[in-house]
K.L.:
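One structure follows; several queries about it will come next.
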Amino acid sequence: MARAVLASDDSDLADVDTHRGGDVIIRTSDLTKVYPGMDRPAVDKLNLEVRRGEIFGLLGPNGAGKTTTAGMLTTMVIPTSGGAVVGGIDVVNQPALAKQAIGVVPQQNTLDRALTVWENLYFHGRFFGMSAGDSRTAADELLEEFHLARWGKAPVMALSGGMAQRLMVARAILHKPEIIFLDEPTAGLDPQSRLALWEILLRLHAGGQTILLTTHYMEEADQLCDRVAIMDHGHILALDTPEGLKAGIEADTIVSLHATGDLTKLARSLSRRRVVTNVVELDGELRVHVKGAADALPAVLETVDKSGSRLNDLTVHEPTLETVFINLTGKELRD
Ligand SMILES: Nc1ncnc2c1ncn2[C@@H]1O[C@H](COP(=O)(O)OP(=O)(O)OP(=O)(O)O)[C@@H](O)[C@H]1O
Ligand SMILES: [Mg+2]
């Protein structure tokens, strides 16, 4: 059973629906981090608003500043300048109070190896000021809900990566925080564990939990998030719903082609066609953004033919968030 249902007596959650899409639960103002010795900011004057009840994604490649942003919002990283208010609390001036309002699933496994699975939950609750009884009940319920009950007495070392990640999510929500932060929650997980984690997050979302996650998986941002901020080099390049971001691209179809011959010349010829809105050359492949697929494909093929190139491979797909990222930066999300 979803915790959201279990927690339906929680007044904070009960009135979430009236707020959904409404009030702002995280607000940053010119939030900036310059690490010592770095010549440019890891996060540069970030202005961001996250609404209560939404799943908000920070999508960006390695080094974009996702962890640093999440770190500042969760009091782990002290901003160089600017500020952030999370759940009504100023994270810079009141970090201890802010910690109560948030649950964190960090990028690395931070489970306590000296404790059992159950104890990891129980002591977390105690640390957050819950009574022994409440903490025990919450630990029992969460292990049940996250399908970890039979591992309760096991050392955390015995858990698989997917199970450890589920336990970290259970731990993050145990003290009923207003917002949970997950930093690359499914990085390195097998597809099945990734899906299981997505289901958990969607269930929490259905119960009104505000979730901020970072990811460099475009599918994750696309399928899970209500709104996505695309980040690179400490800046937000675009922010919208996944549909809005994709609709913002002029093209409705992407034709990816591998061809022999002068690709740069071919790209130039293609970009002169009326149906072609953009051509990006990446790793020996041309991504041709086209509008009006029916006319576009013959036009692309004709241009390839005329250019003297030989087509080796061609795939057609709809724009993805990766297309949006490539459009914005000229590079791929993955390094
Ligand atoms: N403790 C640190 N000291 C110095 N520089 C750092 C530190 N942490 C991060 N950086 C730098 O700040 C920039 C942003 O890093 P950050 O870890 O926030 O990015 P990220 O988007 O989380 O990347 P990844 O996908 O690799 O986790 C990078 O250039 C990184 O090298
Ligand atoms: Mg990171």
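Every number for a ligand or one of its atoms is a count from 1 in the order of the listing. Just so we're clear, the structure is a prediction, and the values are computed from it rather than from any experiment. Numbering starts at 1 and runs along the sequence shown.
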K.L.:
Tell me the closest heavy-atom pair linking V104 and T74, and the distance in Å.
P.N.:
CG2-CG2, 3.7 Å

K.L.:
What part of P36 sits under 4.0 Å from ligand 1 if we count only heavy atoms: the side chain, the backbone, both or neither?
P.N.:
neither

K.L.:
Look at atom 1 (N) of ligand 1 and say which protein heavy atom is nearest, naming residue and atom and giving the distance to 0.1 Å.
P.N.:
Y35 CE2, 3.6 Å

K.L.:
Any side-chain donor-acceptor pair under 3.5 Å between D134 and T137?
P.N.:
no

K.L.:
Taking only heavy atoms of T67 into account, list the atoms of ligand 1 that are under 4.0 Å away from them.
P.N.:
17 (O), 18 (O), 20 (P), 22 (O), 27 (O)

K.L.:
Kindly check if the number of other-residue, nucleotide or ligand heavy atoms within 6.0 Å of CD (E318) is above 12?
P.N.:
no

K.L.:
For a quick check under 3.5 Å, do D183 and T67 share a side-chain donor-acceptor pair by atom type?
P.N.:
yes

K.L.:
Do you know the tightest heavy-atom contact between E220 and W198?
P.N.:
OE1-NE1, 2.8 Å

K.L.:
With a cut-off of 2.8 Å, does T68 place any N/O/S atom under that distance from the Mg ion (ligand 2)?
P.N.:
no

K.L.:
Quick check: does T214 put an N/O/S atom under 2.8 Å from the Mg ion (ligand 2)?
P.N.:
no

K.L.:
Using a strict cut-off of 4.0 Å, indicate which atoms of ligand 1 neighbour a heavy atom of P61.
P.N.:
21 (O), 25 (O)

K.L.:
Considering the heavy atoms of A64, write down every atom of ligand 1 situated less than 4.0 Å from one of them.
P.N.:
19 (O), 20 (P), 21 (O)

K.L.:
Students should be able to answer this: which protein heavy-atom is nearest to atom 14 (C) of ligand 1, and at what distance?
P.N.:
G63 O, 3.4 Å

K.L.:
Between Y35 and T80, does any side-chain donor sit less than 3.5 Å from a side-chain acceptor?
P.N.:
no

K.L.:
Give the numbers and elements of all ligand 1 atoms closer than 4.0 Å to a heavy atom of N62.
P.N.:
23 (O), 24 (P), 25 (O), 26 (O)

K.L.:
Is the H175 ring parallel, tilted or perpendicular to the H124 ring (thresholds 30°, 60°)?
P.N.:
tilted

K.L.:
Enter the distance from S135:OG to L121:CG here, rounded to the nearest 0.5 Å.
P.N.:
8.0 Å

K.L.:
Any protein heavy atom at under 4.0 Å, with atom 30 (C) of ligand 1 as the reference point?
P.N.:
no

K.L.:
Using a 3.5 Å cut-off on N or O atoms only, is A42 in polar contact with ligand 1?
P.N.:
no

K.L.:
Taking only heavy atoms of E184, which atoms of ligand 1 are found under 4.0 Å from at least one of them?
P.N.:
25 (O), 27 (O)

K.L.:
With the side chain counted from C-beta on, respond yes when R287 and E332 share a heavy-atom pair under 4.5 Å apart, and no when they do not.
P.N.:
yes

K.L.:
Short N/O distance, under 3.5 Å, between H216 and ligand 1?
P.N.:
no

K.L.:
Suppose we measure from atom 16 (P) of ligand 1 to each protein heavy atom; which comes out shortest, and what is that distance?
P.N.:
T68 OG1, 3.6 Å

K.L.:
My understanding is that we take every heavy atom of each candidate and find the minimum distance to atom 20 (P) of ligand 1. Doing that for K66, M231, M72, Q107, which one comes out nearest?
P.N.:
K66

K.L.:
Ignoring angles and geometry beyond distance, decide whether M38 reaches within less than 3.5 Å of ligand 1 through its nitrogen or oxygen atoms.
P.N.:
no

K.L.:
If I compare all heavy atoms of L201 with all of I211, which pair ends up nearest, and what's the gap?
P.N.:
O-CD1, 3.5 Å

K.L.:
Look only at interatomic distance and state if G65 has a nitrogen or oxygen under 3.5 Å from any nitrogen or oxygen of ligand 1.
P.N.:
yes

K.L.:
Same cluster or not: are L204 and L73 linked, directly or through other Ile, Leu, Val, Met, Phe, Trp or Tyr residues, by side-chain heavy atoms under 4.5 angstrom apart?
P.N.:
no

